[in-house]
Each structure stands twice: as structure tokens, then as C-alpha cells.
Amino acid sequence: MKSAVLVFPGSNCDTDCVRAVEQVIEGDVDRVWHKDEDLSAYDFIVVPGGFSYGDYLRSGAIARFSPIVKSLEEAAAAGKTILGICNGFQILLEAGLLPGAMRVNQSLKFVCKPCKLRVEDGSTRFTTGYEKGEIIDIPVAHQEGNYYCDEAELRRLEDNGQVVFRYVDNPNGSVADIAGIRNKAGNVLGMMPHPERAVRDALGSSDGVRLFESVARYALDVQKEFA
Amino acid sequence: MSAVDEKFREPTPDEIAEHKVYAEMGVSDGEYDLICDFMGRRPNYVEIGVFSVMWSEHCSYKNSRPILAKFPIDGPRVLVGPGEGAGVVDIGDGQAVVFKIESHNHPSAIEPFQGAATGVGGILRDIFSMGARPIGLLNSLRFGPIHRPEDRHNRYLFERVVEGIAGYGNCIGVPTVGGEIVFDESYNGNPLVNVMCVGLIDHDDIQKGVADGVGNPVFYVGPATGRDGIHGATFASEELTEESEAKRPAVQVGDPFKEKLVMEACLELIESGIVVGIQDMGAAGLTCSSAEMASKAGNGMELHLDRVPQRAAGMTPYEMMLSESQERMLFVVKPEHAEQAQAIFEKWDLPCVDVGSVTDDGRLRLMHHGEEVGDLPVRAIVDECPIYERAIEEPAYFREVQAADALSDPELKGEEALTGALETLLSAPTIASKRWVFEQFDYMVRTNTIQAPGGDAAVIAVTDSDKALAMTVDGNSRHVYLDPYEGGKAAVAEAARNLVCTGAEPLAVTDNLNYGNPEKPEVYWQLHRSATGMAEACEVLSTPVIGGNVSLYNEHTEGAIYPTPVIGMVGLIEHQKEMTRSGFVEAGDQVILVGETKPELGGSSLRAEVFGKRDGAPPKVDLEVESKMQQALLAAIRKGLVQSAHDCSDGGLAVAIAESAIAGGQGATLSATTELRGDHFLFSESASRVVISAKEEQVEELLAIFEDAGVMTQVLGAVGGDKLEMKVNGAAALNSQIEVLKDRWEGAIPSIMSRDH
Amino acid sequence: MFLATVTVTIKENVLDPQGQAVEGALHSLGFEEASNVRIGKYMELTIDSGDREEAHRKVVEMCEKLLSNPVIEDYQFELTAVQKGVAL
Amino acid sequence: MFLATVTVTIKENVLDPQGQAVEGALHSLGFEEASNVRIGKYMELTIDSGDREEAHRKVVEMCEKLLSNPVIEDYQFELTAVQKGVAL
Ligand SMILES: Nc1ncnc2c1ncn2[C@@H]1O[C@H](COP(=O)(O)OP(=O)(O)O)[C@@H](O)[C@H]1O
Ligand SMILES: [Mg+2]
């Protein structure tokens with residue numbers, strides 16, 4: 001399969017994402033520059049973390065208008081697998097590919113630490129490698145990860161089972177302890193924690209590996225179906 | 001009023017002489033006369049401005065050069081020593097590590113967030129302008145006390161400095177992996193903010209800041225120049241006074257997002273192989289970078305200041321030469337590569353402007369709209385600043401504090417008193433866990449941090465290699481104050497010991513000398529004595545000084561700060577599996593004290609925190625013993641005989657053991673024998689000591705290594721349980737739940753910092 | 001030319017962590033009389049347009065597209081006619 | 001009771017990276033007519049005081065002590081008499 005990691009001015013987890021994808025998923029990984037306009041060649045697209053455009057104004061607000069986001073929207077509509085991590089999640093929210101918005105952390109401070117997540121759904125294309133209810137270790141590193149949506153939206157998310165990851169010990173004040181959500185179709189996942197930082201025991205956890213493995217397995221299954 | 005009033009008329013050369021305008025810029029009468037000699041005439045306003053910043057302490061080291069001359073700077077691994085943006089040390093396989101430390105003390109006192117942030121930005125530029133990819137940031141911070149209600153301003157400074165470091169480092173995506181923080185009265189009104197950056201480079205890519213090749217174009221890259229920080233370098237070289245308030249516009253605002261772009265673009269440019277010379281615009285901005293690049297090549301340079309991108313309308317040549325706007329670089333390429341260079345910056349949406357050219361006449365010529373507005377001799381500005389051998393005088397306090405009997409405090413006896421003292425020390429902000437700080441730093445980005453903040457040193461894996469780099473910053477200024485010579489030695493020894501505790505071989509040093517006004521003979525004595533000690537330690541421990549920084553004039557209303565040399569050190573781990581950590585690992589492991597404990601309580605944390613006294617002779621370091629101990633420990637670690645290692649520093653053995661227990665989440669049952677008084681044994685801060693743990697079956701082999709090296713050891717007992725219990729000479733001494741110790745240690749700073757909210 | 005001054009505030013029913021923190025800090029400084037602290041953004045932009053209505057339309061568009069996030073924020077603005085940065 | 005609306009802006013000669021980034025974004029969105037974008041803070045606070053002058057004094061103090069950073073920012077504010085959050 002072919003994977004893409006988008007690079008915006010100010011992205012800083014792009015290299016880490018490329019390394020993680022290379023380590024886990026067979027096939028090419030390309031960095032795709034924000035001024036490019038074509039993502040049609042890719043099965044899996046990662047919108048990495050960082051501080052796109054300095055996170056000035058609101059995180060993700062300016063990046064959302066980069067030329068590449070248009071084809072990201074098309075890829076989402078076409079059912080391609082899209083993973084937004086941290087700033088990538090914020091960009092997906094600003095672009096309207098996922099519902100809700102981010103506020104500054106309850107503590108107002110940047111928080112970087114290992115974090116325990118509960119897997120709420122082990123059947124999405126991102127999480128078949130986990131058991132539902134399993135507790136995994138994936139670190140967070142952000143200042144604006146305090147997820148917000150109104151009550152009606154929250155009910156929709158819960159009813160549709162769109163909450164994929166929840167914090168065991170909420171580090172930022174997000175509603176309903178939400179750490180990661182998917183779109184209704186299930187092909188777009190946004191999460192504040194960094195799975196690409198949990199891919200080697202030496203880094204403190206390798207629980208992130210199974211997320212990328214799940215994505216690869218899904219792609220393989222789709223391929224088989226086609227064959 | 002804005003930084004420069006629009007209606008301000010620049011004084012003429014004669015007015016500058018008659019009204020001694022140069023004095024306001026920090027130039028002395030004698031220096032002014034010398035400048036006139038070099039110029040062959042009276043300098044105009046922009047010319048005297050250029051001289052004043054280049055001849056400031058910050059740029060010329062005019063007071064500290066004789067001191068720096070003491071340091072050993074050579075070693076088999078040193079590829080680039082002091083003088084360039086940063087030093088470079090070989091780590092094998094064609095790779096090298098680049099590192100340097102910088103201070104941003106005065107800006108941080110005035111505006112802590114931006115002061116600290118721009119400090120980070122500046123040191124990063126020093127590293128990537130060498131061609132290196134920054135891989136880690138560290139910081140060394142000093143503030144006044146924060147624990148009392150009335151310490152609100154110190155809490156504010158602490159909180160905002162930490163946020164400023166986080167704001168910049170996190171955004172640019174370089175992990176902040178370590179540091180140290182001390183709170184002491186001595187830093188009231190004059191906090192210290194030192195930042196260190198470590199980078200990785202291939203030998204082939206090492207850059208120098210030289211303007212070679214007459215006729216080559218000179219390019220300016222980065223954001224437009226504004227009226228920021230005009231005279232920042234001079235500002236850094238003066239005492240902080242009420243008047244500094246009036247100089248407030250000297251504070252600059254950082255833009256880490258821009259710097260990220262500049263960094264990526266510059267690394268891409270360097271990778272392309274077309275760069276002749278490149279240097280960042282740090283202190284003294286365009287002036288310093290252009291003059292130094294020309295001087296290093298023995299050339300001259302012509303600059304067309306009207307071409308410099310400008311943020312404000314109507315900027316004068318003086319303002320453009322002296323602005324310290326951030327995130328800017330200067331580089332030279334051959335004419336045929338100009339287009340290629342510009343294309344790289346275009347991709348990153350950054351201005352890249354041809355602002356001049358390299359000349360052969362040794363002059364720095366400044367043009368503005370076709371008119372020559374300045375003409376200066378390059379060598380004179382860069383190399384001819386007079387060097388001052390300042391008067392030296394042993395201060396009166398020295399005899400007094402040395403004479404104090406540090407062993408005269410009432411004995412702390414029995415479990416309750418000793419455990420109480422331990423808890424007091426663990427919750428002292430200087431010793432307490434700095435988790436509240438480092439969790440605000442992204443210490444994981446780049447996914448190479450294999451030893452996170454909280455241990456003796458941070459360890460960063462080298463991508464695609466089995467190697468790793470350990471890094472630390474250290475300095476106990478109370479000890480330096482009490483005995484600059486011994487304290488200077490101890491700072492180097494402690495830094496090296498911290499690296500060895502992670503399994504790394506110490507490579508080299510970058511140092512930051514933070515002192516008071518060098519024109520005071522007692523301050524100069526402190527500088528001289530401590531540098532002598534540091535130099536000796538660097539020599540014996542084979543860690544040459546490859547660069548550093550000097551920050552003088554750190555004074556407040558009550559006088560100079562403690563003399564504060566900060567040692568930044570980097571070490572090499574050849575095989576990642578050899579890395580050790582400070583926390584106990586497994587129940588049953590044997591706990592061993594390595595090194596000799598002497599009754600050395602002078603300047604100790606126990607005396608400061610429990611008895612409120614800050615005097616006595618500090619511990620003495622026997623450098624030969626230190627060296628033997630470190631080598632033996634490193635050998636043992638490499639043989640896989642050591643489960644954990646943690647150095648004894650602030651708070652002595654008791655604190656070291658408690659920290660190993662907390663970090664490992666396990667207690668220990670220990671018993672020691674000593675000829676010292678029990679409290680002295682537990683809290684003495686004797687150097688060259690480490691607490692290690694080892695598997696029971698390997699203890700014998702381990703002890704033999706130390707015995708062969710002539711290093712004392714004492715097996716104290718075993719890891720296990722949820723309590724720390726320790727007997728000294730058979731009498732119960734320490735007894736506490738690990739959870740309780742942990743609460744004290746982890747809870748201290750968060751509870752203090754939640755006070756104002 | 002117009003000077004647009006835009007204020008962007010967090011919607012009433014959305015918890016505002018910054019406002020809460022500032023309120024806490026004010027209280028601990030002894031300003032007990034402060035309450036309901038809400039924190040938003042303030043922006044100034046010069047709009048190069050000779051026509052107030054056109055300028056108005058443009059600013060609305062900027063606010064809705066970029067300057068505010070309608071999920072959690074409201075915006076308001078004022079237009080003042082200016083000449084080269086000076087109010088008329 | 002008074003409603004204080006405070007605007008905190010970055011001093012004229014001080015770099016405003018936010019403003020620059022937003023201006024760039026507006027241009028690339030086609031809003032060429034926007035220039036001189038500066039971004040600051042906007043705050044609303046309720047001041048529990050019956051006396052306008054006292055309220056004024058308090059807000060000045062809050063601005064200087066906490067709400068603005070005098071080194072790089074300027075502040076301005078307005079006071080409106082209100083009753084339980086409703087303008088009079
Ligand atoms: N300013 C800081 N930034 C990041 N980490 C810090 C900072 N201060 C302390 N730490 C972490 O806490 C550890 C312990 O600090 P310290 O007690 O000063 O250690 P030591 O005495 O061994 O030098 C450091 O090694 C570092 O990892
Ligand atoms: Mg240590």
C-alpha cells in the first residue's frame with residue numbers, strides 16, 4: 001500500500017510519522033507538501049502533529065486552507081483511510097471533516113506525558129489490533145487538546161459509536177474524556193495522543209504499533225476483496 | 001514613545017565626542033579614543049553604534065578572555081573548538097555532535113516569556129547555522145525563592161520563563177529533554193536563564209561563518225528587520241537598574257514558527273552543498289554577523305542597507321545595523337549559485353535578499369540609497385577591542401564562610417528527626433521533582449528520547465545507529481560562592497558523573513559563566529578562582545571546553561548573584577542496551593554506595609533547608625579519585641553489571657537513595673556503617689559518590705572492579721517492598737513509605753504554583 | 001479605507017478555561033469584585049475599500065471563513081472610515 | 001455593577017507574529033484588501049462595585065498587574081453600568 005504524510009509549514013511530527021509508518025506498514029511512504037494538490041495515489045494519509053502556521057489564531061485554522069486540504073477532503077469522501085494526529089486532528093476539525101472544536105487545555109499549559117487510553121471500539125479500521133475496553137499507553141503532547149462539542153453533537157457521537165479512544169485520566173478537560181473520534185463513515189480518525197511516539201519499547205511504549213498494523217490489515221483486506 | 005522617536009536627529013561626530021554620546025552606549029573614554037585612532041577620524045552615529053555593540057562584553061569577551069584562556073580546548077575528538085557558533089565533537093562513523101549554551105538573563109528579567117523564548121531561538125540558530133540538525137534542548141534556570149506567599153514575582157518569573165521555553169521549543173519541534181533549576185535568595189531580581197542546544201551533523205556538512213571569495217554575494221534570510229532589541233548586546237553587558245525599565249523596547253518577541261521555516265530552509269541550503277559561509281544574526285544582529293564573517297576570511301564586506309527587508313517605515317542605517325530582530329541569518333554563496341539558493345527560500349515562503357558582497361579591502365562599508373553611511377575597519381571592530389585584566393581581590397566574606405564550622409549544628413537523632421529532614425529536603429523546590437516543569441516541554445518529539453527528563457541525564461538515540469547521546473547541565477552555585485575553586489571543580493565533576501550514571505562516556509563541555517560585575521575585584525576573583533577549578537577538572541576528566549558563553553553584570557540591589565558557572569556536557573553511549581537509569585529495578589537487587597563519605601556539610605542542602613545556614617567550606621573534589629570512580633563505574637555498566645545508578649548531589653546519600661526508590665517505585669531495606677555522625681553520613685554532600693544497584697549474583701564481580709580501581713564501596717542492603725528503611729550503625733535512621741516520599745517530592749512545586757490561581 | 005476592529009468571543013455556554021484561570025488569578029490578587037471573566041480575541045485590520053458596504057461584506061466573510069470558529073466562537077466588528085491609518 | 005470590556009493590543013514597534021500569519025492567510029484566501037493585521041486580546045469582566053470611579057480604578061489596576069503585559073502591550077477599556085449582567 002502507499003502512504004502519505006502531509007507536511008504543512010510548522011508540522012514537526014512528520015518525520016516521526018514517516019518513521020512509524022515505514023517501521024510498521026509495508027510499502028512506500030511519501031511526504032506530501034502542503035502546496036501539492038493530488039492525493040489520489042495514496043491509500044493511507046496521515047495528517048501529522050506540530051504547529052502548522054505556528055498555531056497562531058487557532059490551531060489548524062490556517063493550515064485548513066492549504067491547497068492540499070482540498071484533495072484531502074476528496075480522499076475522505078472517497079473513503080480513503082485518513083489519520084489526523086494532534087495538530088492533524090485540529091486541522092481535520094477546522095476543515096469540518098470531523099465535528100467539534102478544540103479549546104486550550106483546562107490547565108492552560110502544554111502537557112507532554114505518557115497517557116492511558118481506553119479503546120472504545122476495537123472494530124474500526126484503525127483499531128482491529130486492539131480489544132474493545134483495552135487500556136493502552138499512548139503519550140500526549142499539546143496545549144489545545146481540550147475537545148469540545150455541544151450536547152446534541154456529543155449524543156450523536158456516542159449513539160453512532162464514533163468515540164474511538166477515551167482518556168482514563170483526562171489530561172486536558174475534553175468533554176466526555178474524548179481522546180479520539182472517527183467520522184460517521186469510519187474512514188477518518190482524529191486523535192490528540194501520538195501513536196507514532198509509541199512504536200518502540202525504548203520510547204516507553206509500543207502500543208501505537210497496532211494502530212498502524214490495523215490500518216495495513218484493512219488495506220490488505222480491501223485488496224483481497226477486490227481480487 | 002516608540003523605540004526611536006521619528007523626530008530624533010542623529011548626533012554628528014563632533015556632537016558624539018563633545019556630549020560623550022558614546023558613554024550612553026557603554027563605550028569608555030579610553031575606548032572612544034582608540035576607536036578614533038582606528039578610524040583616523042571621529043566616528044559617526046552608526047559607526048560608533050557598531051563599535052559599541054562589537055566592543056561590548058557580550059561580543060568581545062573583553063573582561064573574560066583572560067579567564068577563558070585557562071580552559072583546555074583540545075582533544076582527539078574535537079573537530080571545531082571555541083570561536084565558531086558552536087563546538088563540534090566526533091562521535092565516529094562520520095558523525096559528530098554539536099553543542100553550545102547561551103544565556104538570556106537580562107531579557108528574561110524584564111519579560112520572562114519572550115526573554116526565555118528568544119533565548120531558545122538564539123541557541124537553536126547557533127546549532128543549525130553550523131549545518132547540524134538540532135536534536136535536543138536543555139536549560140539551566142535560577143530564580144529567587146518561590147515558596148513563601150510574598151514570592152509572587154519569583155513565581156511569575158519562574159512560570160513565564162518555563163512557558164517561554166516551552167512555547168518556542170515545542171513549536172519548533174526540538175525536544176527539551178533536561179535541565180536544572182535552583183531557587184535561592186541570591187537570584188532575587190536577577191534570574192538566570194541559560195539554554196543549551198545539542199545537534200547532530202555529518203563531518204562533511206560542517207559549516208563556518210566565513211565570507212570567502214571576493215565578489216560573492218551576501219544574502220539576508222528570514223523575517224523583516226524591525227526596531228527590536230536595539231542595543232540588546234550592550235544591555236546584556238550592564239547591570240540591571242531602575243533605568244533598565246526605560247529600555248524596555250530592548251525586549252524582542254520571538255516567532256518560533258518563522259524559525260522552524262528558517263531552520264528547515266537553511267538545512268536544505270547547506271545540504272545542497274553550495275554554501276560558502278553562513279552565520280546567524282544573534283546579539284548585535286547584522287553588525288556582528290557581517291563583521292565576523294568578513295573578519296574570519298580576512299576580507300571586507302559591502303552592505304546595502306536599503307535592501308534589508310524592513311518591518312517599519314523609515315528605519316535608519318543605525319537601527320538596521322543594531323536591530324536584534326529574531327530568526328534571521330546571513331550567508332554567502334558564489335554568484336552562480338544565487339538563484340538556486342533563492343529558490344530554496346522561496347519554497348519555504350521566506351524572504352532571501354542579496355544585501356551586499358564580499359570585498360577585498362578589509363572594510364565594512366555601509367551603503368544606504370547609494371550613499372556611503374559608514375566605513376569601518378573590520379579587524380578593529382572584531383579583534384582589536386582592548387582586553388582587560390581586571391583587579392583581583394579575595395572578598396571579605398570568603399574567610400568568614402570558610403571559618404564557619406559546618407559540623408556544629410545540633411545532631412538530628414533517631415528515625416523521626418532524620419526521616420523528617422529527608423522529607424523537608426525532598427520538598428525543597430530546588431531538590432523536588434521538576435515534573436511540573438518538564439511536562440510542559442515536548443520532550444518526546446523526534447521519537448529518539450530514550451531517557452526522558454527526571455534522571456541524571458537525558459539520553460537521545462542517534463537515528464539509524466546503535467549509539468545514543470547523553471546530555472546534562474549542572475552547577476551548584478552555593479558551593480561555588482563558598483569556594484569558587486572547589487565549586488568550579490565540582491560543577492564539572494558532577495556533570496560528568498551524571499553522564500556516567502547513564503552509561504555514557506563524557507565527551508566535552510560547553511560552559512556558561514554567570515557572574516556579577518567584573519569590574520569589582522571580588523567578582524573577578526570569583527571568576528578567576530572558579531575557572532581555574534573548572535579548567536583543572538576538564539583537564540583531568542578529559543572533557544575539553546568546546547564553547548560557551550559569558551554573562552557578566554548579573555547584579556541586583558543587594559549586589560552580585562552567586563557566581564554561577566553552568567556546565568553543559570554531552571556523553572556518548574556506544575550501545576543503547578548499555579544505558580542505565582536512576583530508579584531501582586528489581587526486588588532483591590543489592591544497593592551499593594560507591595565512593596567515600598566525608599563529614600562535608602558546608603554549603604549543604606541540609607544546612608540551608610533545615611538550619612537556614614549557607615556557609616562553611618563546601619565539599620572538596622579529589623579529581624583523581626573522581627576520574628577513577630567514573631571509569632570504574634563506566635566499565636561496570638558496560639559489562640552489564642549495573643542495574644541502576646544515581647549520583648549523590650544535593651541532599652547527599654539520603655536524597656539519592658530516596659530518588660532511586662521513587663523513580664523505581666520500590667523501596668529498600670538498608671543498613672550502613674560509618675565513623676561519621678549518622679546525620680552527617682546521610683546528608684553530607686561529598687563528591688565522587690554514586691548509589692548503584694546490582695543483581696545479587698553479580699555483586700562480587702562488580703565490587704572487584706571498584707576494588708581494582710581503588711574506589712571504596714559499601715553494600716547497603718536490598719531493593720524491595722514499599723518502604724525505605726535504613727539503619728546507620730545499627731540504629732534506625734530512615735523509615736518512610738515510598739508513596740509518602742513521592743508525594744513530598746512530586747507535590748512540592750505543583751502545590752506552590754497553584755497558590756496564585 | 002476602513003479600520004475593522006473585530007472581537008471574537010467564546011460562546012456563552014462553552015466553558016472558557018482562560019477566563020476561569022484569569023478570574024482565579026484576579027481573586028488571588030485580591031480583586032474579589034471581578035467575576036464572569038471571559039477571554040476572547042481582538043483584531044484590527046485595515047480594509048482597502050472605498051465602499052462601506054463592500055468592506056462590511058468582506059469582513060463578514062473573513063470572520064466566517066477564518067477569523068472565528070463558529071462551533072465555539074461568536075464575532076462582532078466595527079468599521080471606521082480612515083485615511084492612511086488616521087480616523088476621519 | 002459594571003461590565004468592563006478590555007482590549008489588549010501589542011505595542012506598535014513590537015513584532016506580532018500572529019497578526020502576520022493571519023494577514024498572510026487572508027491574502028492567500030484572496031482577501032487582498034486586508035492589511036496591517038494586529039491581534040490582541042479581548043476580555044469581559046463584571047465588576048461588583050456601585051461607584052464608577054472605584055470600578056475604573058480597579059480595572060486600571062487589574063490591567064496593569066495582570067491583564068496586560070506593559071512591556072509589550074497596551075490596554076484600553078470601557079465601563080458600562082449593568083444590573084446582573086444586563087446593560088442599564
Ligand atoms: N529546567 C528543566 N527542564 C527539563 N528537565 C529538568 C529541568 N530541571 C530539572 N529537570 C529534570 O530533573 C532531573 C533532576 O534534576 P536535578 O535534581 O537538578 O538533577 P542533578 O542533581 O542530577 O543534576 C534533571 O536531570 C532533568 O532531567
Ligand atoms: Mg544527578
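Naming: A, B, ... by sequence-line order, numbering from 1 per chain.
- Taking every heavy atom of both residues into account, A:Leu57 and C:Lys41 meet most closely at O-NZ, 3.1 Å.
- Of all heavy-atom pairs spanning A:Tyr148 and C:Val71, the tightest one is CE2-O, 4.1 Å.
- The 12-atom threshold is not exceeded at NZ of A:Lys184, counting heavy atoms of other residues, nucleotides or ligands nearer than 6.0 Å.
- Residues C:Pro17 and A:Leu108 meet the side-chain proximity criterion, which asks for heavy atoms closer than 4.5 Å.
- No more than 12 heavy-atom neighbours from other residues, nucleotides or ligands sit within 6.0 angstrom of CG on A:Asp169.
- Chosen from C:Asn69, C:Asn13, C:Ile72, the residue pairing most often with chain A at heavy-atom distances under 4.5 Å is C:Asn69.
- The 12-atom threshold is exceeded at CD of C:Glu64, counting heavy atoms of other residues, nucleotides or ligands nearer than 6.0 Å.
- Counting only heavy atoms from C-beta outward, the side chains of A:Gln106 and C:Leu15 approach each other to under 4.5 Å.
- Counted within 6.0 Å of CD on C:Glu32, heavy atoms from surrounding residues, nucleotides or ligands total more than 12; the atom is thus considered enclosed.
- Shown here is C:Glu78, whose CD atom has no more than 12 heavy atoms of other residues, nucleotides or ligands within 6.0 Å.
- Distance alone, capped at 3.5 Å, is enough to place a donor-acceptor pair between the A:Arg58 side chain and the C:Leu67 backbone.
- In this structure, chain C has a heavy atom under 4.5 Å from the backbone of A:Asn105, while its side chain stays farther away.
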Could you go step by step and tell me if A:Glu94 and C:Leu66 meet the side chain to side chain contact (heavy atoms under 4.5 Å, CB included) rule?
CA-CA 9 Å; A:Glu94 285 283 342; C:Leu66 180 71; over 6 Å; no

